[in-house]
2 protein chains.
Amino acid sequence: MTDIAPLSDDIGFLLTRAGTSLTAAAKTALAPFELRVRSYSVLALACEHADGLGQRQLAEELGLDPSQIVALVDDLEARELISRRVDPADRRNKRIDATDAGRTLCVDAQRALASTQSEILAALGDRAVRELRQTLQAIAPGRE
Amino acid sequence: MTDIAPLSDDIGFLLTRAGTSLTAAAKTALAPFELRVRSYSVLALACEHADGLGQRQLAEELGLDPSQIVALVDDLEARELISRRVDPADRRNKRIDATDAGRTLCVDAQRALASTQSEILAALGDRAVRELRQTLQAIAPGRE
DNA sequence: TATTGTTATACTCTATAACTATA
DNA sequence: TATAGTTATAGAGTATAACAATA
């Protein structure tokens with residue numbers, strides 16, 4: 001008779017559960033900015049890449065399918081938080097850049113997000129958070 | 001001019017990304033058993049609780065809304081992997097118990113799952129995995 | 001009145017495939 | 001022929017509200 005390991009020890013289950021918990025908190029924190037978690041990530045990546053980036057690259061860094069990027073970019077572009085322009089060098093490409101308004105909003109949103117997250121992670125201590133970050137980055141796909 | 005912390009350092013983002021990665025692997029590993037991640041978790045919890053448990057408790061341990069449990073239990077019951085019977089002591093309650101077939105399937109499924117997961121987590125080392133588990137359990141809600 | 005399970009509904013997210021325009 | 005972006009669609013997951021039976 002084989003014992004079954006408790007679900008509460010399963011790393012996949014725990015990752016999903018903890019992720020859901022932080023995502024829910026992020027959703028609340030971002031709501032005042034009329035950003036959802038997904039659109040925030042797109043905006044944040046646009047801000048990170050000072051020289052802009054293509055939608056394909058966006059999809060890859062977010063771990064999403066390129067087709068999912070379209071609506072996210074549409075929305076942020078309509079709100080003039082990012083711009084989307086055809087790359088003259090290769091007209092298949094569209095380069096995404098954050099606008100000044102986008103950068104300002106992103107900074108504010110990130111502040112709110114960080115504050116919400118640190119409440120949740122406070123119990124862990126700085127060191128455990130750093131180790132957690134490293135471990136998750138080692139698991140995260142995209143660097144194979 | 002404020003700097004924006006890279007998205008790839010954001011714990012929420014990383015948790016979701018790593019969780020998605022493990023969930024995708026789990027989905028593949030469970031497919032041969034005709035279990036999806038959700039139904040596996042229900043079955044696993046039913047196996048853990050030797051004396052059965054109510055749907056409300058199931059919902060709470062999984063972090064789901066009770067209304068989402070119904071269809072999951074319906075399916076597993078139809079396949080005779082669990083049983084659902086009215087609690088004579090309190091007829092509002094329905095107790096969920098794993099059947100023998102359910103237990104057998106669960107053990108096999110868990111073995112497949114563990115093997116898939118250890119491939120992904122192998123690079124981390126046992127110690128990092130144990131620390132990750134502890135940290136995630138500290139974040140996980142349900143123990144407030 | 002409060003609780004357990006249930007149904008219904010709408011919304012978001014995920015996964016695929018096919019299409020267009022450029023190269 | 002290959003790649004970037006786009007559109008469409010179906011399926012899974014999430015979030016709420018309301019209801020029946022029971023306490």
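Lettering follows sequence order; numbering is per chain, from 1.
- Non-hydrogen atoms lying under 4.0 Å from DNA chain C are contributed by nothing in residues 78-85 of chain A.
- Side-chain contact between A/Q117 and B/D10 is present, with at least one heavy-atom pair separated by less than 4.5 Å.
- The side-chain contact (heavy atoms from CB on, under 4.5 Å) search around A/A59 returns A/P66, A/I69, not counting sequence neighbours.
- For the pair B/N93 CG and D/dA21 C1', the interatomic distance rounds to 12 Å; values are reported in whole Å.
- Taking 4.5 Å as the limit, every side-chain heavy atom of B/F13 sits out of range of all side-chain heavy atoms of A/V37.
- Scored by the salt bridge (Lys or Arg N to Asp or Glu O under 4.0 Å) test, A/E131 finds A/R127 as partners (sequence neighbours excluded).
- Judged as a salt bridge (Lys or Arg N to Asp or Glu O under 4.0 Å), and not counting sequence neighbours, A/D9 has no contacts.
- Here the C1' atom of nucleotide C/dT4 and the CD1 atom of B/I69 are 13 Å apart, to the nearest Å.
- The backbone N or O of A/A114 lies less than 3.5 Å from a partner atom in the side chain of A/S118, making a donor-acceptor pair.
- Rounding to whole angstrom units, CD1 of residue A/I96 and C1' of D/dA4 are separated by 11 Å.
- Rounded to whole Å, atom C1' of D/dG13 lies 15 Å from atom CZ of A/R17.
- Scored by the side-chain hydrogen bond (donor to acceptor under 3.5 Å, both in side chains) test, A/R85 finds A/D97 as partners (sequence neighbours excluded).
- Contacts with DNA chain D (heavy atom under 4.0 Å) in residues 50-59 of chain B: none are found.
- Here A/D90 pairs with A/R92 under the salt bridge (Lys or Arg N to Asp or Glu O under 4.0 Å) rule; sequence neighbours left out.
- Contact annotation: A/K27 does not reach the phosphate of C/dT12 (side-chain N/O to OP1 or OP2, under 4.0 Å).
- Here B/R79 pairs with B/D75 under the salt bridge (Lys or Arg N to Asp or Glu O under 4.0 Å) rule; sequence neighbours left out.
- Counting to the nearest Å, the C1' atom of C/dG5 and the CZ atom of B/R95 are 14 Å from each other.
- Nucleotide C/dG5 holds its P atom 13 Å from the CD atom of B/E77, rounded to whole Å.
- Distance, B/L64 CG to D/dG13 P: 10 Å, rounded to whole Å.
- A/L7 has its side chain within reach of B/Y40: a pair of non-hydrogen atoms, C-beta onward, lies under 4.5 Å apart.
- Of all nucleotides listed (C/dT6, C/dC13, D/dT6), C/dC13 comes nearest to the side chain of A/R36.
- With contacts defined as side-chain heavy-atom distances shorter than 4.5 Å, the pair A/L30/A/R36 does not qualify.
- Distance, B/D75 CG to D/dG13 C1': 15 Å, rounded to whole Å.
- In this structure B/A25 satisfies the side-chain contact (heavy atoms from CB on, under 4.5 Å) test together with B/T116, B/I120, sequence neighbours excluded.
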Ignoring hydrogens and angles, write down the donor-acceptor pairs under 3.5 Å from the side chains of residues 49-57 of chain A, residues two or more places apart or on other chains.
| residue | atom | partner | partner atom | Å |
| --- | --- | --- | --- | --- |
| A/H49 | NE2 | A/E61 | OE2 | 3.3 |
| A/Q55 | OE1 | A/R84 | NE | 3.1 |
| A/Q57 | NE2 | A/E61 | OE2 | 3.2 |

Protein N or O to nucleotides 16-20 of chain D N or O, pairs below 3.5 Å:
| residue | atom | partner | partner atom | Å |
| --- | --- | --- | --- | --- |
| D/dT16 | O4 | B/S67 | OG | 3.0 |

Any N/O pairs under 3.5 Å between the protein and nucleotides 19-23 of chain C? List them or say none.
| residue | atom | partner | partner atom | Å |
| --- | --- | --- | --- | --- |
| C/dA23 | OP1 | A/R91 | N | 3.0 |

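- You'll find the side chain of A/I139 reaches within 4.5 Å of the side chain of B/L132, heavy atoms only.
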